Amino acid sequence: MPASPSGHGTSRSRSWWGWGYADAHPDDAECVAMGALLPGTLARPLPIPGVADLSMPRPGVTPPPALAHLVTADPDVRAAHAMGKAYRDIIRALRGRPGRIPDLVARPTEGREVSDLLDWAGGQGVAVIPFGGGSSVVGGVEYRGDTHRAVLSLDLTSMDRVLEIDTVSRSARIQAGALGPVLEEQLRPHGLTLRHFPQSFEFSTLGGWLATRAGGHYATGRTHIDDFVQSLRVVTPAGSGASWRLPASGAGPSPDRLFLGSEGALGVITEAWMRLQERPRHKASASVAFAGFGPALEAVRAIAQSDLSPANCRLLDPGEALLSGASHDGSSVLVLGFESATSRVDDRLASALELARAHGGRGGTPSADRDAPADAAVSAWRSVFLRMPYLRDGLARMGAVVETFETAATWDRVPALIDAVRTEVGSAASKATGHPATVNCRLTHVYPDGAAPYFTVAVAGRPGDEVRIWDDIKAAASDVLHRFRATITHHHAVGRDHRPGYDLQRPDPFALALRAAKDALDPQRILNPGVLID
């Protein structure tokens with residue numbers, strides 16, 4: 001059945017330079033208060049530059065009349081499409097050095113227009129950067145280089161409809177530019193959900209999730225967007241096509257797998273058939289405190305290797321627990337949550353709590369079903385989880401260097417990996433700045449055979465030298481991950497910032513095949529140059 005369109009769902013202004021909404025950023029007083037927690041930060045926050053303060057050359061190319069209605073050279077729009085939302089991007093914007101600003105921004109409304117824009121760009125030597133919500137934290141949506149005549153940012157958010165819902169197969173055909181809230185708003189009247197909620201949910205699109213193999217909020221089971229894909233429709237400079245809708249197939253290498261994670265370097269994902277689920281009606285959550293991080297890791301492994309499948313199984317080390325308000329006594333805190341559309345989940349939560357207590361966990365009073373008051377630690381964590389990117393930007397205004405990165409490794413390597421990151425990355429940050437560094441860790445996703453640690457590094461920087469310090473911290477982190485054969489990214493994608501680590505991780509024959517695919521699908525090398533392959 002067809003689904004009704006919904007528009008973009010909010011009139012709030014997005015920040016051109018930082019995360020999320022412009023009116024949600026910490027004010028100057030809050031920035032100063034946060035800076036006081038890191039010795040060596042600035043006395044006053046950096047001012048927020050206006051778009052008029054940026055050096056923005058006139059567009060180096062003019063679209064043909066047939067495409068002019070899709071394209072804008074408005075300075076505010078161009079600035080908002082210049083970068084993603086990594087710390088490196090935020091500090092460059094604050095310093096008034098956002099890098100290469102796109103010459104033009106295009107907003108197609110359907111696949112034919114995407115194809116026409118690619119044809120024009122290929123003939124003019126214009127680089128095309130596919131752009132969803134712009135929430136990339138790995139340099140995935142900016143142009144770095146000087147080999148193209150001009151740069152076109154291809155914004156897909158006008159392609160935001162749920163076009164068709166198959167209630168029998170419980171799936172939907174959705175345009176790739178649908179932002180998370182817009183997508184869910186159109187599914188809600190049918191009692192269905194995609195159930196994919198990354199931290200960037202408000203500010204990222206289905207196409208962005210697919211192109212980056214994004215991870216969602218849920219800790220076990222279907223953790224990545226890959227798990228929800230039935231079929232994809234992709235537009236490339238060499239032509240367009242769609243895979244068949246199938247529940248599963250063993251017919252050779254999967255065509256969908258070629259484009260999942262391709263980050264706009266091989267083609268532009270314009271639509272997808274996605275597997276849906278009934279909206280959950282039963283929920284229960286609790287938190288458990290541990291005196292030591294080691295026993296907490298063992299508890300999480302026991303839960304991950306059971307058949308309980310918690311929706312949330314997030315372990316916070318003492319630093320993360322303190323930062324979120326989940327604990328103030330030096331404990332590590334495990335946040336557990338269960339949900340179901342069909343049956344109560346109290347027993348599953350009780351079994352998980354029993355496993356946690358068997359490994360030294362304490363506390364854990366369940367809050368059962370969706371209307372029950374939430375555990376205090378769970379509530380505190382949820383609140384700070386959504387607020388954290390804004391706080392990072394506030395710290396950046398105080399001259400702090402804040403880096404977050406995530407990885408995944410098998411359980412036999414996880415404890416030593418976490419220790420090495422804390423020691424070596426913390427040392428690198430302190431050496432680069434001369435200030436003490438904080439390195440916190442949490443587990444975001446867990447599997448029977450391993451886990452995904454997520455790290456936050458914070459240290460006072462040196463005015464004007466923040467990007468170089470951030471690069472040093474990134475390099476130190478990548479070295480540790482490579483030594484432990486831990487992935488360069490679990491769910492943030494490769495982009496340009498993780499490219500050196502990705503080159504080391506992938507096998508040589510696969511790199512050869514990927515280059516051949518690039519040559520075949522994008523012979524003029526206009527699609528997101530520098531991402532994944534040269």
Side-chain angles (χ1 to χ4, degrees), residues 17-19 38 40-42 46 82-101 129 135-146 212 263 389 392-393 395-407 417 420-441 453-484 486-490 492-505 528-534:
W17 66 273
W19 183 264
L38 277 180
T41 53
L42 303 174
L46 294 170
M83 301 178 299
K85 303 301 181 184
Y87 171 86
R88 187 179 195 272
D89 306 327
I90 304 307
I91 198 66
R92 285 187 298 160
L94 290 172
R95 294 293 184 186
R97 301 190 295 268
R100 175 73 179 265
I101 295 173
I129 313 296
S135 63
S136 171
V137 293
V138 293
V141 293
E142 68 172 288
Y143 180 83
R144 297 180 191 170
D146 57 6
T212 61
E263 302 190 30
R392 177 209 60 178
D393 292 358
L395 283 170
R397 291 188 63 201
M398 295 305 298
V401 178
V402 185
E403 163 63 343
T404 60
F405 62 96
E406 29 65 70
T407 185
L417 167 65
V421 168
R422 285 174 174 154
T423 300
E424 297 180 36
V425 177
S427 175
S430 296
K431 182 179 179 181
T433 63
H435 298 293
T438 298
V439 182
N440 294 333
C441 176
Y454 188 114
F455 299 94
T456 301
V457 185
V459 64
R462 287 194 301 272
D465 205 22
E466 295 94 347
V467 171
R468 188 192 65 77
I469 293 168
W470 184 87
D471 287 340
D472 288 347
I473 293 171
K474 176 68 75 175
S478 298
D479 287 347
V480 175
L481 300 185
H482 179 64
R483 192 170 74 246
F484 279 85
T487 182
I488 193 63
T489 177
H490 173 265
H492 279 172
V494 175
R496 293 166 177 82
D497 297 334
H498 287 158
R499 175 67 189 280
Y502 177 65
D503 286 350
L504 292 172
Q505 181 175 329
N528 219 359
V531 166
L532 297 182
I533 45 179
D534 295 322

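All residue numbers in this chain count up from 1 along the given sequence. Because the structure is a prediction, the values reported are computed rather than measured.
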Legend entry - Donor-acceptor pair, side chain of S427 and main chain of T423, under 3.5 angstrom: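 Side chain of S427 to backbone of T423: no pair is present.
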
Inset, instruction - Please lay out, stage by stage, how L42 and R397 fare under the test side chain to side chain contact (heavy atoms under 4.5 Å, CB included). - result: CA-CA 8 Å; L42 303 174; R397 291 188 63 201; over 6 Å; no

So, are [X] and [Y] salt-bridged, with charged N and O less than 4.0 Å apart?
X: E403; Y: K474; result: yes
X: E263; Y: R499; result: no
X: R468; Y: D472; result: yes
X: D146; Y: R100; result: no

Quick one: closest heavy-atom pair of [X] and [Y], and the distance?
X: A437; Y: S430; result: N-OG, 3.3 Å
X: V439; Y: G426; result: CG2-CA, 3.6 Å
X: A86; Y: D497; result: CB-OD2, 4.5 Å
X: T407; Y: A486; result: OG1-CB, 3.2 Å
X: I129; Y: P529; result: CD1-CD, 4.0 Å

Do [X] and [Y] have side-chain heavy atoms sitting under 4.5 Å apart?
X: R92; Y: W470; answer: no
X: R95; Y: E466; answer: yes
X: R88; Y: D471; answer: yes

Inset, instruction - List the steps, then state whether salt bridge (Lys or Arg N to Asp or Glu O under 4.0 Å) holds for D479 with R483. - result: CA-CA 6 Å; D479 287 347; R483 192 170 74 246; over 6 Å; no

Legend entry - side chain to side chain contact (heavy atoms under 4.5 Å, CB included) evaluation trace for L395 with T41: CA-CA 9 Å; L395 283 170; T41 53; 5.8 Å; no

Legend entry - Criterion side chain to side chain contact (heavy atoms under 4.5 Å, CB included) on E142 and D89, from CA distance to verdict: CA-CA 10 Å; E142 68 172 288; D89 306 327; 3.5 Å; yes

